[in-house]
Amino acid sequence: MRTHRCGALRASDVGREVSLGGWVHRRRDLGGLVFVDLRDREGLVQVAFGPGWSPAEVMERAGTLIGEAVILVKGVVEPRPAGQANPELPTGEVEVHATEVRVVGPAATPAIPVARVRGEPLAAEELRLRYRYLDLRRPEMYRNLELRHRLLQRTRRELSERGFLEIETPMLTKPTPEGARDFVVPSRVYPGQFYALPQSPQIYKQLLMVSGFDRYFQLARCFRDEDQRADRQLEFTQIDLEASFVTPEDIYAVTEGVLVALWAEAGAPVEAPFPRLAYRDAMARYGSDKPDLRFGLELMDLTPRIGEGSGEFLRAAVGRGERVRALAVPGGAALSRKDLDALTAAAKTMRASGLVWAKRGPDGPTGPGVKALGAAALEALGLGDGDLGLAVAGPDAIALPALGRVRLEVIRLLELPPSCRHAFVWIEQFPLFEREAETGNLTFMHHPFTAPHPDDAALVATDPERARAQHYDAVYNGVELGSGSIRITDPAMQAQVFERLGMAPADVEHRFGWLLEGLRSGAPPHGGIALGFDRIALLLAGGESLREVIAFPKTAAARALFEGAPTGIPAADLAALHLTVAS
RNA sequence: GGGGCUGUAGCUCAGCUGGUUAGAGUGCCGGUCUGUCACACCGGAGGUCGCGGGUUCGAGCCCCGUCAGCCCCGCCA
């Protein structure tokens with residue numbers, strides 16, 4: 001049907017008779033001459049219809065071609081007349097003089113424009129999703145998904161070459177009561193029983209290690225029934241890997257190899273190894289477990305400087321055992337009152353009670369922070385002329401993330417220049433456990449199979465909250481790329497951890513028995529990591545939302561607008577699944 | 001579960017302090033046009049102002065509710 005793709009034609013093709021197929025991107029009808037920009041995935045080429053080379057009925061048909069119709073064209077590649085080349089198109093030196101044209105895919109007027117006029121904003125997100133087949137025609141979307149394809153292939157190549165086997169694991173699995181909410185699938189065969197879609201292939205990959213596969217990877221689809229974000233979809237893809245007889249160092253090396261390769265694939269050379277930062281330090285210095293290290297601007301602890309000279313509010317906070325965390329912003333005095341209000345609002349969205357600020361001008365410090373902090377704390381901030389001091393009081397669990405968020409807002413408002421373009425970092429030594437905010441119960445930070453740090457194994461029994469884990473996160477420019485750990489392979493330690501989590505042995509057996517049984521059957525030490533592939537694709541494509549790098553994404557409210565999912569099903573189908581819907 | 005922003009022509013938007021017949025660009029339809037490339041020019045059609053209720057002599061505009069999209073908090077082993 002076709003000899004070339006539209007976007008592939010070049011001056012070297014001049015003289016060739018070609019057959020093309022594509023979409024009418026735009027038509028320019030000059031009466032006696034008609035130009036059609038014909039588009040396919042490789043780009044645009046100008047098809048020219050003129051009485052000198054197009055038969056009369058072809059000329060006539062050219063005048064009726066409508067945007068987004070699919071046409072087949074036969075013609076000859078000709079150089080454009082002198083001065084008529086279009087330097088903005090790779091095909092701009094040539095045009096195809098059409099001798100035949102046939103509309104094979106008539107098109108209604110598109111509901112959203114594919115060929116936009118210059119500077120025209122995109123259609124509303126809702127319409128882009130509703131008419132996804134049109135939105136995906138845009139070259140930007142094609143480029144994103146083509147990049148995604150290359151990243152997938154490159155991942156496979158890199159991991160295969162490192163001895164990892166790609167092994168698929170089930171999509172119909174066992175519901176897990178902890179972690180994210182499961183998507184549940186009713187069993188037709190077993191009334192009242194359910195499968196769940198996997199939140200991750202965690203247990204399977206550990207069993208593959210038990211089985212001696214040694215190195216596993218999968219581009220794993222995962223499902224979590226939780227509320228959405230710009231960087232979170234309810235179904236997503238992980239680069240999931242696991243290896244035996246490894247230390248964290250081994251996993252770091254493999255991961256760095258993959259990430260360096262993926263960044264190279266996207267044309268962004270980066271270097272390994274990545275620096276490392278302990279979780280504690282990341283929180284204390286940046287107020288985040290995914291710090292953006294392209295920027296300095298580190299947090300300070302003013303707690304010891306809060307005293308006699310400070311305001312009642314901060315003294316009371318410190319008296320309750322809370323801390324006063326602060327940020328000195330060079331040049332920050334340039335921020336307006338409105339900016340400071342915005343920063344305060346940002347702190348409050350992170351549940352901080354407020355934000356204390358002080359500016360230093362030529363006549364000394366001004367602002368509510370002067371009194372609140374007192375001379376000693378103010379001095380410790382070390383503000384120079386034109387600087388801004390910001391402080392948040394509260395328990396570290398609130399004050400640090402709140403100030404971390406303020407830090408990012410300050411960077412944005414002041415448009416601070418990054419010190420580098422690509423800031424990878426490993427965050428390590430996460431706590432093994434944390435307290436649930438609502439219940440105060442001890443819960444795992446990563447998952448219940450995460451091994452404690454070798455130095456802290458004894459703490460699991462004596463002081464679990466202080467125990468660090470062999471759990472690590474890969475972070476890039478303030479974005480969490482992935483999370484992994486060395487797993488527990490010692491049944492005694494596993495039992496101890498479950499006990500700490502308040503899980504009864506019988507309960508544990510019921511939920512995880514098949515994994516624990518496996519671990520007791522001769523389990524090699526093993527560990528791994530799961531990288532958020534969609535996020536990586538998004539970062540490398542340079543977009544704002546995962547919807548830019550997913551062909552058919554869900555909305556923020558977990559709906560598929562193009563097809564109208566989720567939806568009810570006929571009563572007979574419900575009955576076959578032994579389900580009734582409660583009103 | 002909570003908060004914020006948005007919703008006016010197919011699309012992107014404007015619409016003053018509540019006041020007569022709701023506008024623009026683009027797309028669409030018709031016409032002229034042989035070197036355009038956002039073609040140009042002339043003419044035309046096109047509106048449940050998201051939906052429901054309320055206030056008012058009068059509502060696109062004010063109030064209440066609701067739906068949808070987006071962003072954030074919680075949540076996301």
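Reminder, nothing fancy here: chain letters follow the sequence lines and each chain counts from 1. Quick note: numbers below take in every heavy atom, side chains included, and nothing from hydrogens, waters or symmetry partners.
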Nearest-nucleotide comparison on RNA chain B, the residue closer to the 5′ end among A/A556 and A/Q199: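 Result: A/A556.
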Position toward the 5' end of RNA chain B (nearest nucleotide), A/G179 or A/E544: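 The residue mapped nearer the 5' terminus is A/E544.
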Sub-6.0 Å ring centroid separation between A/Y279 and A/W426: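 No: the rings miss the under 6.0 Å criterion.
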A/F562 ring center near A/F552 ring center (under 6.0 Å): yes
Under 3.5 Å on both distances, the Watson-Crick or G-U partner of [N]:
N     : result
B/G43 : B/C29
B/C70 : B/G4
B/C37 : none
B/A9  : none
B/U17 : none

Polar side-chain contact A/N86-B/C37 base: donor and acceptor under 3.5 Å: yes
Pair of N/O donor and acceptor under 3.5 Å linking B/C76 base with A/R224 side chain: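 Such a pair does not exist between side chain and base.
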Between [N] and [M], how far apart are the two [atom1] atoms, rounded to whole Å?
N     : M     : atom1 : result
B/C28 : B/A22 : P     : 26 Å
B/G52 : B/A68 : P     : 16 Å
B/G2  : B/U12 : C1'   : 32 Å
B/C63 : B/C76 : C1'   : 38 Å
B/U20 : B/G58 : C1'   : 11 Å
B/G46 : B/G23 : P     : 13 Å
B/C49 : B/A9  : C1'   : 10 Å
B/A40 : B/U34 : C1'   : 14 Å

Protein-to-nucleotide contact annotation, 5' to 3' order, nucleotides 26-35 of chain B [B base; S sugar-phosphate only; - none; under 4.0 Å, heavy atom]: SSSS---BBB
Below 4.0 Å: OP1/OP2 of [N] and any side-chain N or O of [X]:
X      : N     : answer
A/R130 : B/G69 : no
A/R547 : B/C71 : yes
A/R28  : B/C39 : yes

Under 4.0 Å, counting only non-hydrogen atoms across every strand here, what does [X] touch: a base, just sugar-phosphate, or nothing?
X      : result
A/L89  : nothing
A/L44  : nothing
A/R405 : sugar-phosphate

Between atom [atom1] in [X] and atom [atom2] in [N], what is the gap in whole Å?
X      : N     : atom1 : atom2 : value
A/R128 : B/G10 : CZ    : P     : 20 Å
A/L546 : B/C71 : CG    : C1'   : 14 Å
A/F444 : B/C75 : CZ    : P     : 14 Å
A/R229 : B/C70 : CZ    : C1'   : 12 Å
A/E68  : B/G10 : CD    : C1'   : 14 Å
A/E126 : B/C67 : CD    : P     : 14 Å
A/D289 : B/C76 : CG    : P     : 14 Å
A/L561 : B/G69 : CG    : C1'   : 8 Å

What nucleotide among [options] has an atom nearest to a side-chain atom of [X]?
X      : options             : answer
A/S545 : B/C37, B/C73, B/C71 : B/C71
A/P121 : B/A38, B/U12, B/C76 : B/U12
A/E226 : B/C76, B/U12, B/C37 : B/C76

Min side-chain heavy-atom separation A/P79-A/V94 under 4.5 Å: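 No, their side chains stay 4.5 Å or more apart.
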Do the ring planes of [X] and [Y] sit parallel (below 30°), tilted (30 to 60°) or perpendicular (above 60°)?
X      : Y      : answer
A/F512 : A/F498 : parallel
A/Y131 : A/Y133 : perpendicular
A/F430 : A/H471 : parallel

Note: A/R80-A/E93 ion pair, threshold 4.0 Å (strictly below):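 A/E93 and A/R80: not salt-bridged.
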Under-4.0 Å salt bridge between A/R500 and A/E465: no
A/D240 versus A/Y216, side-chain donor and acceptor atoms under 3.5 Å: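 Per modelled atom types, A/Y216 and A/D240 side chains form a pair under 3.5 Å.
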Polar side chain donor-acceptor pair, A/T344 to A/D341, under 3.5 angstrom: no
